[in-house]
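Below: one structure, written as structure tokens.
No hydrogens, no waters, no symmetry mates; every other heavy atom, side chains included, goes into these values. The residues of the chain are indexed from 1 along the displayed sequence. For clarity, every value in this text was computed on a predicted model and none was experimentally measured.
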Amino acid sequence: MAFRTLLCLFSAACLAKQPNVIFMLSDDHSPASISAYGPSHLTTGGFASTPNIDRIAKTGMIFQNCYAANSICTPSRAAILTGQHSHHNGVYTLQDPLDPQRRHIAHWFTEAGYQTAIYGKWHLETSPQGFQTWEVFRNQGEYRNPTYLTLDAPKKGHTEKGYADEVSTDKALGWLQKRDPNKPFLLCLHFKAPHRNWVPAERYARRFEGVTIPEPKTLLDDWENRSNAITRNHQTIGRDMTVNDLKTPKPEGLQGDALRQWAYQRYIKDYLNTAQVVDDSVGRVLDWLKANGLEENTIVIYSSDQGFFTGEHGFFDKRWMYEPSTRMPLVVRAPGVTQAGSESRALASNIDFAPTLLELTGVRPNLSASEKFDGASLVPLLRREIPNDWRTAVYYRYWEHNSNEHPVPNHFGIRTATHKLICYQGQPHGMRAASKIATPEEWELFDLVKDPNEMVNVYNDSAYVDVRKTLTAQLKAERERNGDTR
Ligand code: CA
């Protein structure tokens, strides 16, 4: 009996030493609207202010160059859970469900003895698997009085009063309060905001009334000298927004630049106002950890499933391989690993999140061949060591070819520390394509040092012949290394 008690105590103590994980993920939160990321058209002047996300950065590490492997919601979420590119995890587009048989980070943590839960946005079509507890929105969910699906009511769900991300945060904190303190936990708190159609909480709804928010330098971009693909976009602020987006009809007679500028103000205010509740909620979680003495044994991560155009190039939405769309916020506080206020400029990706969490917690699942990670653990970077063989380019692939609402052709490319090469393949790929309409193959090359806003395509510039040759070879090698040559 005494021996058994001792053994139980011993194993509980072992588990308790493993760090807890709180992984907070928002939907479409652009680094340009997070103050820890420094000056932007939104943070300068304090229009976008995120003191709580900034707290994680100040007490941990901020990643300046983290990129989504496929910049759209469902595929990015699958890449985060599996550590794999779309062509390996099977989630290529918004229409592809995550295979319920597919094992991922939640299974591995649960099997290692962690208490696991997810609250809020799931958006992977099939019910969450691997988590012991889940309460998630149906598809996108509603900003006000959201419906949650649960294990007991996986189809019908139940509706709750309140603002979605505040309700999810209440649920997450309630779960933490009731958890078994002798076992470590993995808590995923996934926010709805600031996703379209940007419905703010009442308390923020009138915050920017009468205020003019600064525009990005490229708001009135006419896309000259870039691909024809970009000129066919359906995500131009004003022109491609509905009454549902703008919450008011477009003024009669307003068009062109004036319409874009007017709609930008409508849009960006709602965007920032919805995002503010995310930051408030992050603050509530951090306060709870502090009040409960768990700061020293809990890894805290904040990210978003991709970036978002907050007016750059005249756009809203994501999908394109341009910086505002693919660049993700990523701040990590890992006690004993990260140094307070540190920064990494190394190239990171959402396919790195799963291997990072496993290494940080010492959870070691036996991965089958089909579960092998495409990404790499960020732990050396968190320790401020860059391995000699760290990637020199991030590989990108978008598959939702020319979908009706936002026609963006299939494209792939690489982003290095200094350049970006994009191939708009233009050809639909079987059932993965949202449309069968083929568009011409086109290429873009950007010099990110001279042209960080990606306004000048130098693909056919004679001064860039050598750069183009080198990057083309590097892209081909990346495609072959990743087994993605279709
Ligand atoms: Ca998203």
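The shortest distance between side-chain heavy atoms of Glu454 and Thr218 does not fall below 4.5 Å. Considering only heavy atoms from C-beta on, Glu125 comes within 4.5 Å of Asn139 through its side chain. Between Leu358 and Ser377, every side-chain heavy-atom pair lies at or beyond the 4.5 Å cut-off. In this structure, Ser304 and Met328 have side chains that are not in contact, with every pair of non-hydrogen atoms separated by 4.5 Å or more. Taking 4.5 Å as the limit, every side-chain heavy atom of Gln276 sits out of range of all side-chain heavy atoms of Pro200. Put simply, the side chain of Leu187 does not reach to within 4.5 Å of the side chain of Val285, judged on heavy atoms.
For Ile386, the CD1 atom counts as loosely surrounded, since its 6.0 Å shell holds 12 or fewer non-hydrogen atoms of other residues, nucleotides or ligands.
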Worksheet entry | Residues Thr74, Ile72; criterion side chain to side chain contact (heavy atoms under 4.5 Å, CB included); working and verdict | CA-CA 6 Å; Thr74 307; Ile72 189 158; over 6 Å; no
Worksheet item: Stepwise, does the salt bridge (Lys or Arg N to Asp or Glu O under 4.0 Å) test hold for Glu142 with Arg144?
Response: CA-CA 6 Å; Glu142 302 82 24; Arg144 289 182 182 150; over 6 Å; no
Worksheet entry | Worked verdict on Leu186 versus Asn20 for side chain to side chain contact (heavy atoms under 4.5 Å, CB included) | CA-CA 6 Å; Leu186 166 70; Asn20 308 304; over 6 Å; no
Discussion item. Pair Tyr67, Glu323 - check side chain to side chain donor-acceptor pair (under 3.5 Å), show working.
Written reply: CA-CA 9 Å; Tyr67 291 88; Glu323 290 290 290; 2.7 Å; yes
Worksheet item: Checking side chain to side chain contact (heavy atoms under 4.5 Å, CB included) for the pair Ser71/Trp320: CA distance, chi angles, key distance, verdict?
Response: CA-CA 7 Å; Ser71 182; Trp320 302 88; over 6 Å; no
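To the nearest 0.5 angstrom, Met241 atom CE is 4.0 Å from Trp198 atom CH2. With rounding to the nearest 0.5 angstrom, the OH atom of Tyr302 is 8.5 Å from the CD1 atom of Ile56. The CG atom of Leu471 sits 11.0 Å away from atom CD of Glu478, with the distance rounded to the nearest 0.5 Å. Rounded to the nearest 0.5 Å, atoms CD1 (Ile105) and CD1 (Ile118) are 12.0 Å apart. Leu378 CG to Thr356 OG1: the interatomic distance, rounded to the nearest 0.5 Å, is 3.5 Å. Atom CE of residue Met24 and atom NE2 of residue His190 lie 10.0 Å apart, to the nearest 0.5 angstrom.
Side-chain contact, His88 with Asp374: a donor N or O sits under 3.5 Å from an acceptor N or O. For the residue pair Gln140 / Lys121, a side-chain donor-acceptor distance below 3.5 Å is found, with atom types taken as modelled.
The salt bridge (Lys or Arg N to Asp or Glu O under 4.0 Å) analysis of residues 106-118, with sequence neighbours excluded, yields the pairs Arg103-Glu111. Residue pairs that meet the salt bridge (Lys or Arg N to Asp or Glu O under 4.0 Å) test with at least one member in residues 351-369, sequence neighbours left out, are Asp352-Arg391. Residue pairs meeting the salt bridge (Lys or Arg N to Asp or Glu O under 4.0 Å) criterion with at least one partner in residues 32-58, sequence neighbours excluded, are Arg55-Asp287. Residues in residues 354-384 take part in these ring pair (Phe, Tyr, Trp, His ring centres under 6.0 Å) pairs, two or more places apart or across chains: Trp108-Phe373.
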Show the atom names and distances, to 0.1 Å, of all donor-acceptor pairs under 3.5 Å that link a side chain in residues 329-342 to residues at least two apart or in another chain.
from	atom 1	to	atom 2	distance (Å)
Arg333	NH1	Thr59	OG1	3.3
Thr338	OG1	Ala334	N	2.9
Thr338	OG1	Ala334	O	3.1
Gln339	OE1	Arg384	NH1	3.2
Gln339	OE1	Arg384	NH2	3.1
Ser342	OG	Gly60	O	3.4
Ser342	OG	Gln339	O	2.7

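With respect to the salt-bridge test (charged N to carboxylate O, under 4.0 angstrom), the residues Asp165 and Arg284 do not qualify. Salt bridge annotation for Asp28-Arg196: absent, with no cationic side-chain nitrogen under 4.0 angstrom from a carboxylate oxygen.
Here Arg319 pairs with Asp317, Glu400 under the salt bridge (Lys or Arg N to Asp or Glu O under 4.0 Å) rule; sequence neighbours left out. Partners of Tyr204 under the ring-ring contact (aromatic ring centres under 6.0 Å, His included) rule, at least two apart in sequence or in another chain, do not exist in this structure. Residues passing the ring-ring contact (aromatic ring centres under 6.0 Å, His included) test with Tyr396, sequence neighbours excluded: His411. Taking the side-chain contact (heavy atoms from CB on, under 4.5 Å) definition, one finds that Thr361 meets it with Pro19, Val21, Phe109, Tyr114, Ile299, Val363, sequence neighbours left out. Scored by the side-chain contact (heavy atoms from CB on, under 4.5 Å) test, Thr310 finds Ser30, Ala32, His41, Leu42, Tyr267, Ile268, Tyr271, Glu312 as partners (sequence neighbours excluded). Taking the side-chain contact (heavy atoms from CB on, under 4.5 Å) definition, one finds that Glu166 meets it with Tyr163, Arg203, Val277, sequence neighbours left out. Partners of Asp152 according to the side-chain contact (heavy atoms from CB on, under 4.5 Å) rule, which considers only residues two or more places apart in sequence or in another chain, are Thr150.
A distance-only check finds a donor-acceptor pair linking the side chain of Asp99 to the backbone of Gln101 [under 3.5 Å]. Side-chain atoms of Asn273 come within 3.5 Å of backbone N or O of Lys269 as a donor-acceptor pair.
The aromatic rings of Trp122 and His104 sit tilted relative to each other, their planes meeting at an angle between 30° and 60°. Classified by interplanar angle (parallel below 30°, tilted 30° to 60°, perpendicular above 60°), the ring pair Tyr148/Phe137 is tilted. In this structure, His313 and Tyr322 have tilted ring planes: the angle between them lies in the 30° to 60° band. Using cut-offs of 30° and 60° for the angle between ring planes, the Trp399 and Tyr92 rings count as perpendicular.
For the side chain to side chain donor-acceptor pair (under 3.5 Å) with Asn197, the lone residue among Asn244, Thr274, Asp270, Asp245 that qualifies is Asn244.
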